[in-house]
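Written below as structure tokens is the structure these notes are about.
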Protein chains: 2
Amino acid sequence: MPKRTKAEAEATREALLDAAEVIFLERGVSRTSLEQIARQAGMTRGAVYWHFKNKSDLFHAMLERVKMPLRQLLDDVEDPERPNEPLESLRRATLHVVERLQRPRSRRVHTILFHRCEVASDVDVLNLHEKLANECYDTMVERFEQARERGTLTESVEPEIATRMLMSMLVGLMYDWLRNPESYDIGDVGPRMINTFFGRLVHV
Amino acid sequence: MPKRTKAEAEATREALLDAAEVIFLERGVSRTSLEQIARQAGMTRGAVYWHFKNKSDLFHAMLERVKMPLRQLLDDVEDPERPNEPLESLRRATLHVVERLQRPRSRRVHTILFHRCEVASDVDVLNLHEKLANECYDTMVERFEQARERGTLTESVEPEIATRMLMSMLVGLMYDWLRNPESYDIGDVGPRMINTFFGRLVHV
DNA sequence: GCAAGTTTACATTCATGTATGTATGCCTGT
DNA sequence: ACAGGCATACATACATGAATGTAAACTTGC
């Protein structure tokens, strides 16, 4: 029963993306065929090729449904509504990233990004991530420098190093937890890590 | 010119593994064919199938030529020759991991592991890593607890959280740097991060 | 001469992309 | 308001290419 209404077409598009998430997660991106994705969505490959150019296009469309952690952290940190104290602003933004990572879709997609795909095959994703990382790094260093000027950051801690530590901690936490979410409760461990980190950096 | 002496056969085996490192790094594991690896080594696919069962077998043989970071950290930490002070022992072991990661072979293989392969396809590697991570976690928590008893670890820092922080930092650092080693000098940033971490955790 | 080591040839599988078919929704003129 | 026409939203069929694994041939050390 071909040709659906416009709304139904949009629904199958979403269904295909949902299916892609599931199968990519199960089998890894390279080992899944478009046939498998289509069948999971109750469609055929024809539907896939209608909505997407190819597997890579589908993959990118899937990514666009979630917000990248670094992008989100940037937005949070630069939100003018946030508290004026830079360290506190950073702390909250970091906590927020961990929170959002636990949402099912975000979790699935980022598991795929970290553990189920080969970055080499999608060079532009790599570049995108690169730009984001640099931008994020710069913003965070700025905040730590502001904190140092206010005297809220311990003098012995250099802003560049604090930034690398925080970013590494975040990335490492995501990488580890997404590899095996059963191993611990990130909703508990994450905040405790982050709070300990900031607690040890402020001038006491 | 087929059949060489025994030593030459071993040499082609190594050449095949070297070739695999190079091509896997360039193109990602799933996108490289055994043909490409063979040609890079100046052989044909027949040689590959003589020395290895299939691509997965070759991949694992490649992994066995390097020491996994967690395995190495464990060995270092448990080395009875190491200083008696647990925090100092941990600090040195962590520095050592960063040092060794920079060695060309280690760097290539771990870039492949982090960024050029889909873990889903090699389940046993996942399990191996899982066991190592747990073992490593336990040992590190033990050290932090010893430090706490000696009063060298700040009371407000819980051993479990300190362990997660350190492991996340290490994993995140490796992940980030291997993604783009040009972006910063890990030989400088790594030690400064680690020293700052331990410097802020000890009782001051 | 036998077996280790390597090549070549071959059969098979499988995913991809494209081309074609087709039924339906939607729009437009009257 | 409805009939015709066209674009949409898929399904199906097919052609192609690439990678895999295996078997057979070959070549040389021991």
Side-chain angles (χ1 to χ4, degrees), chain A residues 1-62 112 116-118 120-123, chain B residues 1-62 112 116-118 120-123:
Chain A
M1 54 238 69
K3 175 65 177 184
R4 307 282 167 74
T5 170
K6 203 161 222 165
E8 280 175 310
E10 181 57 26
T12 72
R13 192 192 125 98
E14 294 295 312
L16 288 172
L17 291 173
D18 288 344
E21 277 183 18
V22 172
I23 309 290
F24 282 162
L25 189 64
E26 267 178 16
R27 321 222 334 136
V29 173
S30 72
R31 296 201 328 161
T32 77
S33 65
L34 297 182
E35 170 79 27
Q36 289 164 1
I37 292 175
R39 281 217 342 257
Q40 165 83 16
M43 302 275 139
T44 68
R45 260 173 54 250
V48 176
Y49 276 102
W50 175 255
H51 287 282
F52 310 98
K53 203 182 152 206
N54 49 33
K55 200 206 271 188
S56 176
D57 188 36
L58 170 70
F59 180 74
H60 285 85
M62 186 194 74
I112 293 170
R116 304 285 193 277
C117 75
E118 302 178 359
S121 55
D122 296 277
V123 185
Chain B
M1 52 233 75
K3 175 65 178 186
R4 307 282 169 75
T5 168
K6 201 160 224 163
E8 280 176 309
E10 180 57 24
T12 73
R13 193 192 124 99
E14 292 297 312
L16 288 171
L17 291 174
D18 288 345
E21 276 184 18
V22 172
I23 309 290
F24 281 162
L25 188 64
E26 267 179 17
R27 322 222 333 133
V29 174
S30 73
R31 296 202 328 163
T32 77
S33 66
L34 297 183
E35 170 78 26
Q36 290 165 1
I37 292 175
R39 279 215 345 255
Q40 166 83 16
M43 304 275 139
T44 69
R45 258 172 57 248
V48 176
Y49 276 103
W50 175 257
H51 288 283
F52 310 98
K53 205 181 150 209
N54 50 33
K55 199 206 273 187
S56 176
D57 188 36
L58 170 69
F59 180 74
H60 285 86
M62 185 195 74
I112 293 169
R116 304 287 194 274
C117 76
E118 302 179 359
S121 54
D122 297 277
V123 185

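Residue numbers begin at 1 in each chain, while the letters A, B, ... track the order of the sequences. Atom set for the values below is all heavy atoms of this structure, side chains included, hydrogens, waters and symmetry mates excluded. Computed from a predicted model, the values in this text were never measured in an experiment.
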Report the distance from atom [atom1] of [X] to atom [atom2] of [N], rounded to the nearest whole Å.
{"X": "B:I23", "N": "D:dA19", "atom1": "CD1", "atom2": "C1'", "result": "16 Å"}
{"X": "B:L34", "N": "D:dT22", "atom1": "CG", "atom2": "P", "result": "12 Å"}
{"X": "A:F52", "N": "D:dA9", "atom1": "CZ", "atom2": "P", "result": "13 Å"}
{"X": "B:K6", "N": "D:dT27", "atom1": "NZ", "atom2": "P", "result": "23 Å"}
{"X": "B:E10", "N": "D:dG29", "atom1": "CD", "atom2": "C1'", "result": "17 Å"}
{"X": "B:R31", "N": "C:dC14", "atom1": "CZ", "atom2": "C1'", "result": "18 Å"}
{"X": "A:E8", "N": "D:dA9", "atom1": "CD", "atom2": "C1'", "result": "10 Å"}
{"X": "B:L16", "N": "C:dT6", "atom1": "CG", "atom2": "C1'", "result": "11 Å"}

Discussion item. Between A:H51 and D:dT8, is there a contact of a side-chain N or O with OP1 or OP2 at under 4.0 Å?
Written reply: no
Worksheet item: So, is B:T44 close to the C:dT8 phosphate, meaning a side-chain N or O under 4.0 Å from OP1 or OP2?
Response: no
Worksheet item: So what does A:A47 hit on the nucleic acid, given a heavy-atom distance under 4.0 Å: a base, only sugar-phosphate, or nothing?
Response: sugar-phosphate
Item to complete: With heavy atoms under 4.0 Å as the rule, sort A:S33 into base, sugar-phosphate or nothing.
Response: sugar-phosphate
Practice prompt. Go through the side-chain N and O atoms of B:S30 and A:E118 and say whether any donor and acceptor fall under 3.5 Å apart.
Written response: yes
Practice prompt. Applying side chain to side chain contact (heavy atoms under 4.5 Å, CB included), run through A:T12 and A:E8 and close with a yes or a no.
Written response: CA-CA 6 Å; A:T12 72; A:E8 280 175 310; 5.5 Å; no
Worksheet, complete the sentence: One should read off an interatomic distance between A:T44 OG1 and A:R39 CZ, to the nearest 0.5 angstrom, of 11.5 Å
Between [options], spot the one nearest the side chain of [X], thanks.
{"X": "B:Q36", "options": "D:dA19, C:dT16, D:dT22", "value": "D:dA19"}
{"X": "B:M43", "options": "D:dC30, C:dG5, C:dT7", "value": "C:dT7"}
{"X": "B:W50", "options": "C:dA4, C:dT7, C:dG17", "value": "C:dA4"}
{"X": "B:T12", "options": "D:dA11, C:dT6, D:dA9", "value": "C:dT6"}

Worksheet item: What residue among A:L58, A:L16, A:L17 forms side chain to side chain contact (heavy atoms under 4.5 Å, CB included) with A:H51?
Response: A:L16
Item to complete: May I ask you to test the B:F52-B:H60 pair for a side-chain heavy-atom distance under 4.5 Å?
Response: no
Worksheet item: Mapping B:R13 and B:R45 onto DNA chain C by nearest heavy atom, which one lands closer to the 5' end?
Response: B:R13
